[in-house]
Structure formats: structure tokens, C-alpha cells
2 protein chains.
Amino acid sequence: MVKRTSHGAARCPVARPLDAIGDQWSLLILRDAFEGTTRFSAFQKSLGVSRNILSVRLRNLVDHGILDTAPAADGGAYQEYRLTEKGRGLFPVLVALRQWGETYFFAPEESHVVLVDRKHGLPVRRVEVRSQDGRLLGHEDTAISRIGERSTDTT
Amino acid sequence: MVKRTSHGAARCPVARPLDAIGDQWSLLILRDAFEGTTRFSAFQKSLGVSRNILSVRLRNLVDHGILDTAPAADGGAYQEYRLTEKGRGLFPVLVALRQWGETYFFAPEESHVVLVDRKHGLPVRRVEVRSQDGRLLGHEDTAISRIGERSTDTT
DNA sequence: CCGTATCCATTCCGATACTG
DNA sequence: CAGTATCGGAATGGATACGG
């Protein structure tokens, strides 16, 4: 009877996305999508997730406009899942998460460059947080202030 | 009997953090922590989450070394929760997520600058993904390639 | 005031069987 | 191959009662 709280109407732009990606699998699905994966079975094989969960997660991502489905592309008889523009907008999030994971979840000799820009063939160095005037803000000295405050509520 | 899959031993640096932050509340707790929140009740009041869940999530974040607890600071008789260096390393992730949320989950007139660098008093502009030579990689042209590949496995 | 423990409903996830 | 349906167990989350 007590429904789980949705963040979709929250005033904070950090909160709303959590309905779409705040779980154990969605970001990994999107990681594979950025790698070029489009097929249901390819996701399933890469992730090792059970198919019913993959089905639910894919539908949730489609419902949130992060992925869409196209009838076919390589002649296969089934759909393919593609990143929308909104979905591609998650790239900095994945890079930032990956950077953090590599720094704090792996031993030094375990770390390697594995992010490559597909267009230029360049490895991705890092995600940088910059202020309005372009100054680089070191995260050690930086904090989020009043992050949840909004001026209006159109929800 | 069938345990949920842990990503802690995954080879991918995007995957491992999901045990720590892959849920509906952890990133919001950390958002508040960046705002300066340290007390249990302050988190609870800000988030509206039930106290038992908050307790479990805080302990999970402490277990992952993202927060730590200090005996007291303002003379209060209880603990306070503080970001560790590892926790502060999540700042780019939160900024990137917030940027994406603001762009795709809010109407234009609903959006305002709410990220402020505490030290310089400057609004945070955006998160940028750059290559090794410092070139800015637009996320429209960019994809993650071989993101999950690791050279060694020291787990 | 600061949490923890308990109870319960919902959700997530894994295994598997099934349909097209 | 591409999913969906069903089942059971585990985890999440909400309401609330309880002890420090």
C-alpha cells in the first residue's frame, strides 16, 4: 500500500534522473550502448543480467527517452536499441563515474586507459568541472551549494 | 538462496561503484553532504527518507569509504558524517548528473544556476570531457570504446 | 536529539519455462 | 534470436516503536 517515493517531481536536477538510472544495471546498459551495443542478446551476454530484468530496464530507459527502438538495421528481424540525444547526454556522467571508479576502486597497476573518443581516436583524459569564466575548479576545494533550490515548479 | 549480483569484482570501473551508489538515495545523501550536511536528522529532513533506510545507506557509504564518522564537532553528543577524499572525488559525477538532469528533466524556465563553487563563489558552468591533449570532446561525437576492458585482475 | 530494530509492502533480481 | 511470463528469494523502502 505504501508506494515507493518517486524522484520525478523533485525540485533537484540531481534527484529526477534517479528514477531512470538509480539502480544496479541501467548505467551498465548505457555503457554498453555507448560502446555500440544495440541488440538485446548482446546486452544480455555482456552484462550477465537475467533477461527479464534486462527487458524491464530497457523498457524503463525507453520510457524515459534515453533509448529508442528502431525496427531493424542489419537486416535482423528484430528491434535495436539506440541512444537518443538525451541518452548521449549521459556521456559526461559515465566518464566521471568511470574516472572515479578507476581512481578509487582499482589498484594502480590495475588501471589502464580504456576510454577512447570514437571520432578522434583519442583517449579521454578526465572530466573537468569549470566555472562560468572557464576557471578549473578543483574538487577538493569545491562544494555544491544550494543544489536543490529551484525558482519555479512547473511540475 | 540466490544472491543478488555484486559489481565489486567487475573488471569495469563503471561497474564497481554501483554497489556503493547504485540506488535511489545514496547520490542524494552525497549531494547534501557536499552542501555541508553532516547530521543524521539533517539528512533525514532534507531527503524525506525514512530513518531506517537512511541508516542503512549511511552505513553502506561509510563501509565503502565515501563517508566517515567523527565523534563530534559542534559539541553535539553524537556523530557527524563527513565526506572522505574518496567521497569528494564524486563531485564531478554529481555535477555531470545535475547538468544532465537540468537539461533533460526540467523545462527551460525551470532551470537556474544552482551550483556554486564554495571557495570562489563562482557558479559551475559545466562538466567537460577532454582528451589526453586537452582537446574538448563534444559528447555528441563521442562514444565510450572498450570501456570495460582491463589488463589485469587483482581482485 | 540520534539513531536502531521490527514489521510489512513493494520492488529488484535471478532462474527458468515459454511464445513468436 | 528476441523477448515475455511466472515464480521465489533478496533487497529496498515506509511507518513506527524502541533504546541511548
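Chain A is the first sequence line, chain B the second, and so forth, proteins listed ahead of strands; every chain is numbered from 1. Computed from a predicted structure; not experimentally measured.
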task: Would you please classify the geometry between the F34(A) ring and the F91(A) ring as parallel, tilted or perpendicular, with 30° and 60° separating the classes?
output: tilted
field: Distance test, side-chain N/O of T5(A) to OP1/OP2 of dG14(D), below 4.0 Å
entry: yes
- prompt: If only side-chain N and O atoms of W25(A) are considered, is one of them under 4.0 Å from the OP1 or OP2 phosphate oxygen of dC12(C)?
  reply: no
message: Tell me if the aromatic rings of F40(B) and Y78(B) count as close, with their centers under 6.0 Å from one another.
response: no
- prompt: Which heavy atom of G101(A) sits nearest a heavy atom of P17(B), and at what distance?
  reply: CA-CG, 3.8 Å
- prompt: Phosphate oxygens OP1/OP2 of dC12(C): is one of them under 4.0 Å from a side-chain N or O of Q24(A)?
  reply: no
message: At less than 4.0 Å, is any side-chain N or O atom of R39(A) found next to OP1 or OP2 of dA2(D)? Yes or no.
response: yes
- line: ring-ring contact (aromatic ring centres under 6.0 Å, His included) filter on H64(B), not counting sequence neighbours, yields none
query: Under 3.5 Å, is there an N or O donor on one side and an acceptor on the other linking the side chain of Y78(B) and the base of dG20(D)?
result: yes
With S46(A) via side chain to side chain contact (heavy atoms under 4.5 Å, CB included) - residues at least two apart: R31(A), D32(A)
field: Pairs where residues 61-71 of chain A contributes a residue and the test salt bridge (charged side-chain N to carboxylate O under 4.0 Å, His left out) is met, not counting sequence neighbours
entry: D68(A)-R82(A)
- prompt: Within the pair R4(B) and dG9(D), is there a side-chain N or O less than 4.0 Å away from OP1 or OP2?
  reply: no
- prompt: Does a side chain donor of either D23(B) or S26(B) reach within less than 3.5 Å of an acceptor in the other side chain?
  reply: yes
query: For DNA chain D, what string of dots and brackets results from 5' to 3' when Watson-Crick and G-U pairs need both distances under 3.5 Å, crossing pairs get [ ], and pairs with another strand get |?
result: ||||||||||||||||||.|
- prompt: Is there a residue in residues 52-63 of chain B whose heavy atoms reach under 4.0 Å of DNA chain C, and which residues are they?
  reply: N52(B), S55(B), R59(B)
field: Length of the NZ-P vector between K45(B) and dC1(C), whole Å
entry: 7 Å
field: For atom CG of L47(B) and atom C1' of dG13(D), their distance in whole Å
entry: 13 Å
message: Considering only residues two or more places apart or on different chains, which pairs with a residue in residues 3-33 of chain B satisfy ring-ring contact (aromatic ring centres under 6.0 Å, His included)?
response: H7(A)-W25(B), W25(A)-H7(B)
query: Over how many whole Å does the gap from H7(A) atom NE2 to dG13(D) atom C1' extend?
result: 10 Å
